[in-house]
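Data block below; observations after.
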Amino acid sequence: MLSLGGVGAKSTKPSFVSYVTPEEIKLEKEPPKKEIHPDLLPGEVEFCSANPILKYTQDDLSQRGIFGTLFCTNFRITFISDEISQEETTKTFKNKLYGENDIPLMCVDHIYGVYDEKRKLITGGLVKNKYPSKMIFHCKDLRVFQFCLTYTKEEDAKRIFHGIAHHCLEEKSLKCVFAFSYTGTPSPEMQRKRETILFDSPEDWTQEMKRTKANCRLVTENENFDLSQRLPKYFVIPSALGDLFSYQGKGFPIWCWSHHSGCALFKASLPPVTQEDGDIQKHVDIMINAVAHNYLYSAKTEDLSESLPTIQDIQQSYNKFKQFFLIENSTDFWLSDMKWFSSLESSGWLDIIRQCLQKAVEVVECLEKENTNVLITEEDGTDLCCVISSLVQIMLDPYYRTLMGFQSLVQKEWVAGCHSFLDRCNHLHQKDKECHSPVFLLFLECVWQLVQQHSPAFQFSETYLTVLSDSVHVPVFSTFLFNSPHHRESVMKAESPLAQSSQLSCPTVWDWSVQFDSKAQNFFFNPLYSEKVKNERAVRKPHKLKHQRQLSLPSTAFKTPFKKGFFKDETESLKKMLRVKRLSRWIGSPDSSAAISREFYESWQQRPLDYHGLLLPCLDGLAVRVWMQRYLRWIPEVHILGGGSMAVITKIMDLLSQVQDLKRVLEHSRDSSQAAKLDHSPYIQHRLLSFGSSGRLSSSFPFSFSRNQSFKPIIPTGLMQCLMVTDSLASQEDEASSFVSLV
Amino acid sequence: MEKQQHSSGSESPVLPPVPRKPRSLGGVIPAPRQDSVDLPDSPTGSHVEWCKQLIAATISSQISGGSVPPEAITREYKVGKKIDFKVSRRTNLRQAFKDVRRQAPMDEVPLVPGETVKTTVKDVMYICPFTGAVTGTLTVTDYKLYFVSLERDAPYILDVNLGAISRLETISVQSLGENTSGMEIVCKDMRSQRFAYKKEEQSNLEILEVLTKYAFPLSNELSLFAFQYKEQFPEDGWKVYDPVSEYKRMGLPNESWTISKINSNYEVCDTYPALLVTPTSIKEDEIKRVASFRVKHRIPVLSWIHPETQATIVRCSQPMVGPTDRRCKEDEHYLQTIIDANAQSHKLTIFDARQSIVAENHKAKDGGFENENFYSNMDLNFLDIPNIHVMRESLRKLKEVVYPTIDEPHWHSAIDATHWLQYIRLLLAGAVKIADKVESSKSSVVVHCSDGWDRTAQLTSLSMLMLDSYYRTLRGFQVLLEKEWISFGHKFAARVGHGDENHANSERSPLFVQFIDCVWQMMRQFPTAFEFNELFLITILDHLYSCLFGTFLYNSEQERVENEVNSKTVSLWSYVNSQPEDFTNPFYVDYENHVLYPVASLRHLELWVGYYVRWNPRMRPQMPVHQNLKELLYLRAELQRKVEELQKEASSSHSISSSSEHAYSPSNGGTPLHTSV
């Protein structure tokens, strides 16, 4: 194949050409001899540093490097450039805790070392050996950093390498997590009144029951975790359930949410298998009876560990999936671009998302269409149960689609609900791989699909979800640091036995002002959110009928005549079902169940869309997508300059502000004549933003910026490799000449 | 169109055509909308309807924030806007239309002016792959096939333009009984329909014959329906493109380039337009010698010139180098003149769209490519784009993947295996390279493939779209198509096979569809950069096949002149420009001189579900936020108007309340409802 005019230089790999030679650095390095130090957070301690370190930059096509100093502190690895950078100041979406050259220690996923051109994964064992010429960091927020150690003095390089490897890779104790050293004071900005409900007090639960008109019982017996350490401090159970003290607190149906018809969603862990078979069966019967008793004597159970992938599957699939986005150089990128769709499919990640949403839709159908109680079970009841129950609530209850509602939901189902964040996120770099799994991320992925499909129904934006997914790995917040409320409380007590007040120096992640100023927080709001016109309650109105209907025959698939022998029949059939593990119409091949819920989806689709009513995801074909913002934001090759959804948002913002202005003018003139009382929509005013009408923001905005706003296009290489021709295009040689005119 | 109609309702649609007042665009739905675009059961129609539902929802919420009671504003919308969006009034309309529906018999076939019914058959069963079989009445006109079933709660309507039919086949439907015949219609627009009907009745035997006759009029000595279509539009689409004024917009002629009339009788090149832009210094006889060296005499001519750098995009066909490496001094000189015309660069880049191996093979067949030893200062660049046959095959595979059923678990790899998106990526990448050469290197480029009417048109028009924001407007895009595709002789008739029954003709290829897909991909990447919307692109593709408009008929300008297309048929742009509000993108921000470089990575490319999979009701496209904003724009306009009004009122010291009441009065000026029924 002919290359460009045969101008020689068959550089198939256009990587790292124009790096500055060491001689040049020496020259440049002489004048600034003064010490540079990072701005430390309160409580942050510097461990070690090394200079000069070459950081490879990816964000423009001429791959160059920046020289600077690399630090390792008890919070992060940070790189400070020798050049003074101006971008930092202009950035609108700046994280106050860590900048673009900071990697919180908890955020480090893998470190690779390049030894003699060979890339090796650094593990504890390798640390003893000589230091690599290059360190490559893969972060949990999908950033990739590459630092070159060859220009550094040997002992410095060794020290920083060992320091980083030690603090990032060695298994450590929870006490070493930065959150316990952090002494930042909660900012005064934080408004107390519109705060997220944390579900750490009986009032929160009572309030939630009242809001959903639930007919259940609040349990306060676990206040001191006497019942179980794996149960929330306070929780709600069906009122018909009496005995609380069997099976170490396992196997309770815990109330999640009540539908306006009166039926409710419960979740439960499975009772321990050591018990005798009969005992279990008896317990299960009691459990299901209690759930069924809640409303119309009907219940369905679903064992999620039977029908959904295991947490190990999830972990494996995500590991495959994330590799497509941890891109180290352009060549790799274009190579992986070839079989993009097939690789996506082979990772199975999108399919797992689809399965979770599908399951949630099935549960929604039971609640919404058949009005039966639903009990979802799982070994621990704190992984997929959390995913499914939260998704169900988002689909059914518009409150959870608001920012505060969503945060409260995460508190209710995940934080108070005993999801083992510490183990699942592997914050402590434990070697035991069994319990790691991005379950919470999976949930956020599912929510993103909903947000993406029904954007006007959500008050929060995808940027919010992306930031939330990053915040899991910021070791400042207590929210995602523990395995359960009990764990949290015991650790907190042990840490600060003295004053009760000082233990609260760990802020909750919901105090966004710790990370972002109020201007940046505006990005969390969806400008297209269609707010409820008047009374949000209107939707939940028609359930006064509930009590009368309770006496009539149930209209569900689970009909059983209400007569004397009812309970026996009921339990008998329930027992059978539990053995089969799937109930009524869930029996049978997954295909048929998919077909039935498809019917449900289609009938929903036929109705006019109400953003404040039931919301179902479309799960066909390409409808389940890749969360572009989260996964592609750091890859310069796919940044669309002047395009992407940000272009749209900018336009909407502009328009909204114009509409606001006009309204204000209108009101003003009205006021002056009529003195009419005006009910101003507070949100729109809050969110008014001006990005400047440059129109040249990149699609990765607000996360990463193209440094030199060059209008140079990204030209793919090796286009035909996957098709039929093997030789790649060598087309970029003479384009270097055009650079001068550009910059 | 295989979607059951929503009982919840849709306003314009299923109505039989009632006498309309021509030209009052406000409420009247122009005819074409009824048959192909806005029919609620047509995907585009339902899409529009769906968009509207969303907007209705949005507007109410937006309004709620304001000071005016929602009811008042909604009503005002009905009155206030001349070109009403038909959204705000839909609640009332729905009721009204229900009444109308009851009055009009549902099985009456809506006809466009000039359309006549050819045959009607009762008790035909349509075997819908999505919702099962339905029985109803099948009508064949000279323009469409129309099937209505009243079996279900909501009338079921299937509407297929005969122009979209690729082939007709009898199929075996034994299972439905001895006396039943089956018929399968395979369409060019990614769907197929199956019908079953009783054999005995004499009239039924005709269905297939009648259908064949009118679906393939050219094979049956009939004329295309476009010549019968008699709709009148307030806009004349034939006036959209005037080569001289378009060249003038680019600053031509100038000292280096001239608008030449050398081809005014199509004597130099019968597939080129009458007016060509050639280098001023090249003499007529030189041009003729160059023409004899280029395949099909398609000499290098200017397509686009950069307003600042004078770098040009020049298109042509391959040189006839042949196995002996023939040279043509005039051709070499011609290209050198193109370099000289651009003071900014002393180089010329030739983009050969083909794969180098293929180009090499063409040498043996008297074709070939410019030899860099003979053409000094030139770079030759192969863009590796496969030929029309590969593309046809790719789209055929794609249809297998998306119609009628989708293999969910293997959807992604199935799409991968069609290579359709990889080819889209190649095209975009090629166009980006061309645009970058012109913009960044400021050097002129020559683009050719083999004949210079397929891949060349794709590449030049895409790069022009990237470079010139004018082509991203609704009008500008029409000009672009008229210029680069229609006037420069993309063989629409051969590639689409209008009215021709030879479905296996290897000349057919979906190159234009592929180009529109690329435009759609660009639109997705730059949602604010285009003045037109997705509906516009789908409308173009629908009428590429429909033969309703004369726009895409015939292979060249010469043929169109001979057949008097401009005087005897209606232009698609007449329809589009008579109701531009339906086709505009509310997000549009004029980027002016910004060059758009789409990212040619599969990560940013996506299958155009809204077009390829639109027949599948389950794949109803998710609501693009787009339409949402339209209402916001209206809201702004309304508020603006009100502010002005108030200011006026205030200045004349009238009571504001009385004035606003007046403005909201629903009785004001006759509701649009009446005009549209």
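Below, chains carry the letters A, B, ... as their sequence lines are ordered, and counting in each starts from 1.
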By a 4.5 Å heavy-atom criterion (distance strictly below it), what part of A/Ser346 contacts chain B: side chain, backbone, both, or neither?
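Looking at A/Ser346, nothing touches chain B.
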Assess whether salt bridge (Lys or Arg N to Asp or Glu O under 4.0 Å) is satisfied between B/Arg603 and A/Glu637, documenting all intermediate values.
CA-CA 10 Å; B/Arg603 285 159 170 88; A/Glu637 279 81 5; over 6 Å; no
For A/Tyr631, give me all partners under ring pair (Phe, Tyr, Trp, His ring centres under 6.0 Å), at least two apart in sequence or on another chain.
A/Phe321, A/Phe325
Heavy-atom closest pair (A/Trp334 atom, B/Ala600 atom, distance to 0.1 Å) is CZ3-O, 3.5 Å
Distance, nearest 0.5 Å, that separates [atom1] of [X] from [atom2] of [Y]:
X: A/Leu344; Y: B/Leu602; atom1: CG; atom2: CG; answer: 10.0 Å
X: A/Ile640; Y: B/Gln525; atom1: CD1; atom2: CD; answer: 4.0 Å
X: B/Gln422; Y: A/Trp340; atom1: CD; atom2: CH2; answer: 13.0 Å
X: B/His412; Y: A/Leu350; atom1: NE2; atom2: CG; answer: 5.5 Å

Verdict with reasoning, A/Glu345 to B/Asp416, per side-chain contact (heavy atoms from CB on, under 4.5 Å)
CA-CA 10 Å; A/Glu345 190 178 292; B/Asp416 238 6; over 6 Å; no
Engaged part of B/Leu605 at the chain A interface, taking heavy atoms whose separation is under 4.5 Å
backbone
I'd like to check the side-chain hydrogen bond (donor to acceptor under 3.5 Å, both in side chains) partners of B/Thr528; sequence neighbours left out, ordered by chain and number.
B/Tyr591
